[in-house]
Asker: 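Below: one structure in structure tokens.
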Amino acid sequence: MALYATAASVLAGVESRRGSIKGLVYASSFQNVKQLYALVCETQRYSSVLDAVITSAGLLRAEKKLRPHLAKVLVYELLLGKGFKGGSGGRWKPLLDRHQARLKAELARLKVHRGVSKNEDLLQVESKPGPASQVPRFVRVNTLKTCCDDAVDYFKRQGFSYQGRASSLEDLRALKGKCFLLDPLLPELLVFPAQTDLHDHPLYQAGHLILQDKASCLPAMLLAPPPGSHVIDACAAPGNKTSHLAALLKNQGKIFAFDLDAGRLASMATLLARAGVSCCELAEEDFLAVSPSDQRYRQVQYILLDPSCSGSGMATRRLEEPGAGTPSKARLQALAGFQRRALCHALTFPSLQRLVYSTCSLCQEENEDVVRDALQQNSGTFRLVLVLPSWPHRGLGTFPGAERCLRASPETTLTSGFFVAVLERVEVPSSVSRAEAPAPPPEAAPRRKRRRRVAAPGVPPRTEQEGKR
């Protein structure tokens with residue numbers, strides 16, 4: 001029916017912030033405006049409930065041609081609205097009939113999990129503001145294109161009230177209206193009230209601002225590569241951290257950015273171009289297949305490793321498994337296995353001096369356990385560095401020194417859930433005596449080898465192949 005298609009179009013416009021419900025409804029050509037308005041309003045009111053039911057029922061996976069907003073409107077009408085009586089469902093009724101039992105079962109399961117018996121009670125549970133809804137809007141000023149003072153002046157001219165540098169988390173919690181602050185830790189991070197929407201702001205559209213959570217800014221800041229450095233961003237897409245690295249480098253030096261997903265890399269290339277990044281080389285390649293002995297990476301002293309993870313620290317991803325705050329045990333084991341291989345592989349780059357390992361996961365298996373295992377495999381070569389001693393949320397005490405890691409959460413740091421560990425190569429003490437140092441090889445053999453190398457200058461260096469993800 002035209003009603004459902006039009007309602008889906010209006011809903012898409014509202015959720016992408018292209019206009020208000022009322023404005024979009026009256027702009028449509030649908031004749032029964034009151035009916036359309038009521039359907040869109042109620043569908044949006046139950047939006048998160050519908051998302052959970054649709055995801056857990058696997059509706060969009062099974063019906064690949066069904067658009068998400070249309071699915072939401074149809075499932076609302078089936079489960080929470082008037083239902084499809086007679087021919088009211090039109091051509092969508094057979095599709096919904098195939099999934100009706102599963103959709104109803106998932107709605108019932110959601111009610112049991114949330115401890116409610118009525119559909120309306122789901123809204124009451126949803127309406128209670130959780131910690132994640134109180135996380136401020138963090139905005140990183142892109143210093144490749146502008147400076148913090150200029151960005152602040154621009155917002156002030158738009159009627160925003162600049163409150164200076166925050167001194168505590170309480171200052172951030174108290175933000176309201178059009179007030180904004182400078183973050184107390186990161187010098188280029190502006191902080192706005194939670195519901196501030198800057199997606200259409202001209203500075204964001206021009207790449208002068210990056211909408212990036214504070215916790216996500218920590219990895220590049222703690223890696224701290226000086227201008228001129230060579231850096232690897234091992235699992236780079238979508239690219240916010242890469243652009244942050246480029247800003248710290250002042251576009252001087254080299255970033256080697258790897259990711260396996262061609263679509264994500266294409267989006268990342270657009271983001272980096274908009275941000276003015278010119279020092280980055282993108283590669284559609286598995287980081288595990290990159291050879292540490294490749295001469296291109298002989299000067300790499302810094303690696304940022306933010307591998308694929310469960311995303312259990314991100315509120316937007318928690319619908320993957322409705323009713324669960326953590327992923328399944330099997331998925332955790334698979335992710336942790338990949339993360340462990342990626343970290344151990346990164347530590348084999350010969351010139352590496354400093355590495356940051358980070359995830360947007362809350363799970364110990366992906367965080368402290370991975371770091372512990374990597375350190376054990378590289379005992380005496382790398383150490384865990386204590387960073388930001390005043391940071392309030394530390395690593396879980398699962399092994400000696402784990403408190404040197406950082407954790408973040410909406411409750412403790414007013415950010416998304418996150419984990420960061422910084423590893424540094426252990427330097428050989430200068431006081432080591434010659435007797436303790438390994439003896440040099442006989443001189444005659446190296447001379448013969450050098451002569452053979454000179455005689456065959458075109459032979460490429462050997463590479464080591466690692467298993468793919």
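Worth saying up front: this structure is predicted, and the values here are computed from it rather than measured.
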Asker: Below 4.5 Å, heavy atoms only, C-beta onward: do Val191 and Leu414 meet side chain to side chain?
Answerer: no
Asker: Regarding Glu368 and Thr398, do their side chains bring together a donor and an acceptor under 3.5 Å, going by distance alone?
Answerer: no
Asker: For the side chain of Ser358 and the backbone of Asp306, is there at least one donor-acceptor N/O pair under 3.5 Å apart?
Answerer: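 Absent.
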Asker: Do Asp150 and Val141 come within less than 4.5 Å of each other through their side chains, counting heavy atoms only?
Answerer: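 They are not in side-chain contact.
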Asker: Side chains of Ile232 and Leu304: does their closest heavy-atom pair fall under 4.5 Å?
Answerer: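 Answer no - side chains too far apart.
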Asker: As an exercise, state the distance from CG of Asn240 to CE of Met268, rounded to the nearest 0.5 Å.
Answerer: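 Output value for this atom pair is 9.5 Å.
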Asker: Counting distance only, does the side-chain N/O of Lys250 pair as donor-acceptor with the main-chain N or O of Ala247 below 3.5 Å?
Answerer: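 Flag not set: sc Lys250 to bb Ala247 has no pair under 3.5 Å.
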Asker: Could you tell me whether a side-chain N or O of Lys214 sits under 3.5 Å from a main-chain N or O of Asp183, the two making a donor and an acceptor?
Answerer: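 It does not hold such a pair.
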Asker: Hey, are the side chains of Leu305 and Cys235 touching, using non-hydrogen atoms and a 4.5 Å cut-off?
Answerer: yes
Asker: Can you check side chain to side chain contact (heavy atoms under 4.5 Å, CB included) on Leu211 and Val139, steps first, answer last?
Answerer: CA-CA 5 Å; Leu211 305 184; Val139 180; 3.9 Å; yes
Asker: Is the Tyr46 ring parallel, tilted or perpendicular to the Tyr76 ring (thresholds 30°, 60°)?
Answerer: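 Correct class here is tilted.
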Asker: Could you tell me the separation between the CD atom of Gln163 and the CG atom of Leu175, rounded to the nearest 0.5 Å?
Answerer: 7.5 Å
Asker: Is there a donor-acceptor contact under 3.5 Å from the side chain of Gln205 to the main chain of His199?
Answerer: yes
Asker: If you measure from OG on Ser361 to CZ on Phe418, what distance do you get to the nearest 0.5 Å?
Answerer: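 Here the rounded value is 10.5 Å.
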Asker: Tyr162 and Asp153: side chain to side chain contact (heavy atoms under 4.5 Å, CB included), yes or no, with the steps?
Answerer: CA-CA 9 Å; Tyr162 179 54; Asp153 288 343; over 6 Å; no
Asker: Can you tell me how far apart CG (Leu182) and CG (Asp171) are? Round to the nearest 0.5 Å.
Answerer: 12.0 Å
Asker: Check whether NZ of the Lys or CZ of the Arg Arg274 lies under 6.0 Å from the centre of the six-membered ring of Tyr204 and within 45 degrees of that ring's axis.
Answerer: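 Because its charged atom sits under 6.0 Å from the ring centre and within 45° of the axis, Arg274 does stack over Tyr204.
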Asker: Under the ring pair (Phe, Tyr, Trp, His ring centres under 6.0 Å) test, which residues partner His201, sequence neighbours left out?
Answerer: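 Ring pair (Phe, Tyr, Trp, His ring centres under 6.0 Å) check on His201 returns Tyr154, Phe155.
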Asker: Is any side-chain heavy atom of Leu355 closer than 4.5 Å to a side-chain heavy atom of Leu343?
Answerer: yes
Asker: Would you please name every residue forming a side-chain hydrogen bond (donor to acceptor under 3.5 Å, both in side chains) with Ser278, sequence neighbours left out?
Answerer: Asn251
Asker: Quick one: sort the Phe287 and Phe258 rings into parallel, tilted or perpendicular, breaks at 30° and 60°.
Answerer: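 Aromatic pair Phe287/Phe258 classed tilted.
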Asker: Hey, does the side chain of Arg404 reach the backbone of Leu384 with a donor-acceptor pair shorter than 3.5 angstrom?
Answerer: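 Judged by distance alone, yes, a pair lies under 3.5 Å.
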Asker: Walk me through whether Glu106 and Ser56 qualify under side chain to side chain donor-acceptor pair (under 3.5 Å).
Answerer: CA-CA 7 Å; Glu106 292 301 335; Ser56 56; 3.2 Å; yes
Asker: Can you see which heavy atom on Leu190 is nearest to which on Cys148, and at what distance?
Answerer: CD2-SG, 3.9 Å
Asker: Just verifying a value: how many Å separate Asp261 CG and Ser308 OG, rounded to the nearest 0.5 Å?
Answerer: 9.5 Å
Asker: Testing the basics here: between Pro193 and Gly177, what is the closest heavy-atom pair and its distance to 0.1 Å?
Answerer: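 Nearest pair, atom of Pro193 first, then Gly177: CG-O, 3.4 Å.
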Asker: Does Pro136 reach the side chain of Thr196, with side-chain heavy atoms less than 4.5 Å apart?
Answerer: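 The answer is no; the side chains never approach within 4.5 Å.
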Asker: Tell me, with the steps shown, if Leu218 and Met221 meet side chain to side chain contact (heavy atoms under 4.5 Å, CB included).
Answerer: CA-CA 5 Å; Leu218 293 176; Met221 184 198 81; 4.1 Å; yes
Asker: Taking Thr55 for the side chain and Ala52 for the main chain, is one N or O donor matched with an acceptor at less than 3.5 Å?
Answerer: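 No.
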Asker: If every non-hydrogen atom of Ala71 is compared with every non-hydrogen atom of Leu66, which pair is closest and at what distance?
Answerer: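 Nearest pair, atom of Ala71 first, then Leu66: CB-CD2, 3.6 Å.
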Asker: Scan side-chain atoms only and decide if Thr359 and Gln339 contain a donor-acceptor pair under the 3.5 Å cut-off.
Answerer: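 Not at all, the side chains of Thr359 and Gln339 share no donor-acceptor pair under 3.5 Å.
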Asker: Can you name the side-chain hydrogen bond (donor to acceptor under 3.5 Å, both in side chains) partners of Glu170, sequence neighbours left out?
Answerer: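 Partners of Glu170 by the side-chain hydrogen bond (donor to acceptor under 3.5 Å, both in side chains) criterion, ordered by chain and then number, come out as Arg173.
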Asker: Could you tell me which non-hydrogen atom of Lys145 sits nearest to which non-hydrogen atom of Ala206, and how far apart they are?
Answerer: NZ-O, 2.9 Å
Asker: Quick check: does any side chain N or O of Arg140 sit under 3.5 Å from a backbone N or O of Gln212, one acting as donor and the other as acceptor?
Answerer: no
Asker: Return the minimal non-hydrogen interatomic distance between Leu272 and Gly239, and the atom names on each side.
Answerer: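 Minimum heavy-atom separation between Leu272 and Gly239: CD2-O, 3.9 Å.
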Asker: What residues form a side-chain hydrogen bond (donor to acceptor under 3.5 Å, both in side chains) with Asp213, not counting sequence neighbours?
Answerer: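 Expected list: none.
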Asker: Supply the atom-to-atom distance His345 NE2 to Ile303 CD1, rounded to the nearest 0.5 angstrom.
Answerer: 8.0 Å
Asker: For Glu365, enumerate each residue passing the side-chain hydrogen bond (donor to acceptor under 3.5 Å, both in side chains) test, keeping only those at least two apart in sequence or located in another chain.
Answerer: none
Asker: Counting only heavy atoms from other residues, nucleotides and ligands, does the tally under 6.0 Å from CZ of Arg165 exceed 12?
Answerer: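 Check passes, neighbour count above 12.
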Asker: Does any part of the side chain of Leu245, heavy atoms only, come nearer than 4.5 Å to the side chain of Asp233, both counted from C-beta?
Answerer: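 Yes - at least one pair of side-chain heavy atoms lies under 4.5 Å apart.
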Asker: Do you know which two heavy atoms are closest between Ala402 and Gly397, and how far apart they sit?
Answerer: CB-CA, 4.3 Å
Asker: Carefully, step by step, assess Leu396 and Asn367 under the rule side chain to side chain contact (heavy atoms under 4.5 Å, CB included).
Answerer: CA-CA 9 Å; Leu396 303 178; Asn367 297 329; over 6 Å; no
Asker: Side-chain donor-acceptor pairs under 3.5 Å in residues 386-393, sequence neighbours left out?
Answerer:
{"residue": "Trp391", "atom": "NE1", "partner": "His393", "partner atom": "O", "Å": "3.4"}
{"residue": "Trp391", "atom": "NE1", "partner": "Arg407", "partner atom": "O", "Å": "2.7"}
{"residue": "His393", "atom": "ND1", "partner": "Thr412", "partner atom": "OG1", "Å": "2.8"}

Asker: Is it true that atom NZ of Lys178 has more than 12 heavy atoms of other residues, nucleotides or ligands lying nearer than 6.0 Å?
Answerer: yes
Asker: With the side chain counted from C-beta on, respond yes when Leu271 and Thr242 share a heavy-atom pair under 4.5 Å apart, and no when they do not.
Answerer: no
